[in-house]
Amino acid sequence: MAKIVILCNDHQFKILNVNGLSVVIITYNEEKNIGRCIDSVKELADEIIILDSFSTDNTRTIALQKGAKVYESTFEDYVTQKNEANKYASYKWVLSLDADEALSPELFQSIKQLMNEPSEYVAYKCARLTNYCGKWIRHSGWYPNFIIRLFNKDEGSWQGYKIHEKWKLNNNGKVGRLRGDLLHYSYNDLEAHIKQNNKFSTISANAYLEKGKKSNWLKMILNPSWAFIYSYIVRLGFLDGYFGFVIACNVAHLTFMKYYKLYALQNGIKVSKN
């Protein structure tokens, strides 16, 4: 993939240890989020790397103004993009964030303390707390949602099929746990959630098809029903109030769309790419 390097503004990052920490973020049209994300880590990072997919808004300008090093690359999928972004990191320890995420104060302190001490771990996981339409969601299967975001880049890679990427270790290295939450500012309104459901269901349906998975009428009925029950009842979504119900409905909607689109692909019916 062709890359264009944009020179970064002069900026001095606070160095917390001799090995250094690279914060790596992939972006596309994230002008509403990227400033908050960078501000949450700029006193922790030795460098901030942005791999942008040719944004048409002010993402790159904001990132440069805040001292990040910005590179550009055509987006293929999340796994490929995140692995590519890691190549620009100058240090072996990487904190990988999405542009709509930010460190809570407790998570910031947890990482800061860690970077001043020797460790037996090659990666660390943390809980991700999602803000949905202005409300923090603490149930519904969305929390605590432990994910690896701090790691030695030589000890693993991003893996998965285009979406739902996960950091996988090359060997049996030990994974530690960080205190504090990774704050995820997700959907601002229902329309954004539905739009994302349409996008992700198309990607998932194509992945299922490539893997030989099949859909039928029964799966289109039962799987979304169970998805709703699991989110709203089993994972205590009802404790999240009104938005817990909305989330459960959207989880069911996403599940239905995945199996509907898979069924359509099996039968030669056109599926939207959006």
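Because the structure is predicted, anything quoted here is derived from the model rather than measured.
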Rounded to the nearest 0.5 Å, how far apart are [atom1] of [X] and [atom2] of [Y]?
{"X": "I137", "Y": "L129", "atom1": "CD1", "atom2": "CG", "answer": "8.5 Å"}
{"X": "K153", "Y": "W93", "atom1": "NZ", "atom2": "CH2", "answer": "13.0 Å"}
{"X": "L190", "Y": "C249", "atom1": "CG", "atom2": "SG", "answer": "9.5 Å"}
{"X": "S55", "Y": "F75", "atom1": "OG", "atom2": "CZ", "answer": "11.5 Å"}
{"X": "Y232", "Y": "L239", "atom1": "OH", "atom2": "CG", "answer": "9.0 Å"}

Check whether more than 12 heavy atoms from other residues, nucleotides or ligands sit under 6.0 Å from atom [atom1] of [X], and answer yes or no.
{"X": "Y208", "atom1": "OH", "answer": "yes"}
{"X": "K219", "atom1": "NZ", "answer": "yes"}
{"X": "F108", "atom1": "CZ", "answer": "yes"}
{"X": "N188", "atom1": "CG", "answer": "no"}
{"X": "N172", "atom1": "CG", "answer": "no"}

Would the Y121 and Y124 ring centres measure less than 6.0 Å apart?
yes
Looking only at heavy atoms, which two atoms of [X] and [Y] are closest? And how far apart?
{"X": "S201", "Y": "K261", "answer": "OG-NZ, 2.9 Å"}
{"X": "E31", "Y": "I62", "answer": "O-CD1, 3.6 Å"}
{"X": "V122", "Y": "G173", "answer": "CG2-CA, 3.8 Å"}
{"X": "A63", "Y": "I38", "answer": "CA-CD1, 3.8 Å"}

Would you please classify the geometry between the Y132 ring and the F243 ring as parallel, tilted or perpendicular, with 30° and 60° separating the classes?
perpendicular
Donor-acceptor pair, [X] side chain versus [Y] backbone, under 3.5 Å?
{"X": "R235", "Y": "H139", "answer": "no"}
{"X": "D189", "Y": "A192", "answer": "yes"}
{"X": "S186", "Y": "N131", "answer": "yes"}
{"X": "S215", "Y": "Y259", "answer": "yes"}
{"X": "T59", "Y": "E30", "answer": "yes"}
{"X": "S40", "Y": "L103", "answer": "yes"}
{"X": "N145", "Y": "G141", "answer": "no"}
{"X": "D181", "Y": "L183", "answer": "no"}
{"X": "S22", "Y": "A89", "answer": "no"}
{"X": "N83", "Y": "S157", "answer": "no"}

Considering only heavy atoms from C-beta outward, does the side chain of [X] approach that of [Y] to under 4.5 Å?
{"X": "I48", "Y": "K69", "answer": "no"}
{"X": "K66", "Y": "D39", "answer": "yes"}
{"X": "Y78", "Y": "I26", "answer": "yes"}
{"X": "R177", "Y": "C126", "answer": "no"}
{"X": "V251", "Y": "F228", "answer": "no"}
{"X": "I111", "Y": "L150", "answer": "yes"}
{"X": "I147", "Y": "L182", "answer": "yes"}

Identify whether the distance between the nearest side-chain nitrogen and carboxylate oxygen of [X] and [Y] falls below 4.0 Å.
{"X": "K135", "Y": "D240", "result": "no"}
{"X": "E72", "Y": "R60", "result": "yes"}
{"X": "D98", "Y": "K82", "result": "yes"}
{"X": "E101", "Y": "R128", "result": "yes"}

Test log, rule side chain to side chain donor-acceptor pair (under 3.5 Å), inputs D77 and T80:
CA-CA 6 Å; D77 57 68; T80 301; 3.0 Å; yes
For the ring-ring contact (aromatic ring centres under 6.0 Å, His included) test, which of Y185, Y143, W142 pairs with W136?
Y185
Residue that, paired with I25, satisfies side chain to side chain contact (heavy atoms under 4.5 Å, CB included) out of I49, L95, D52, I34
I34
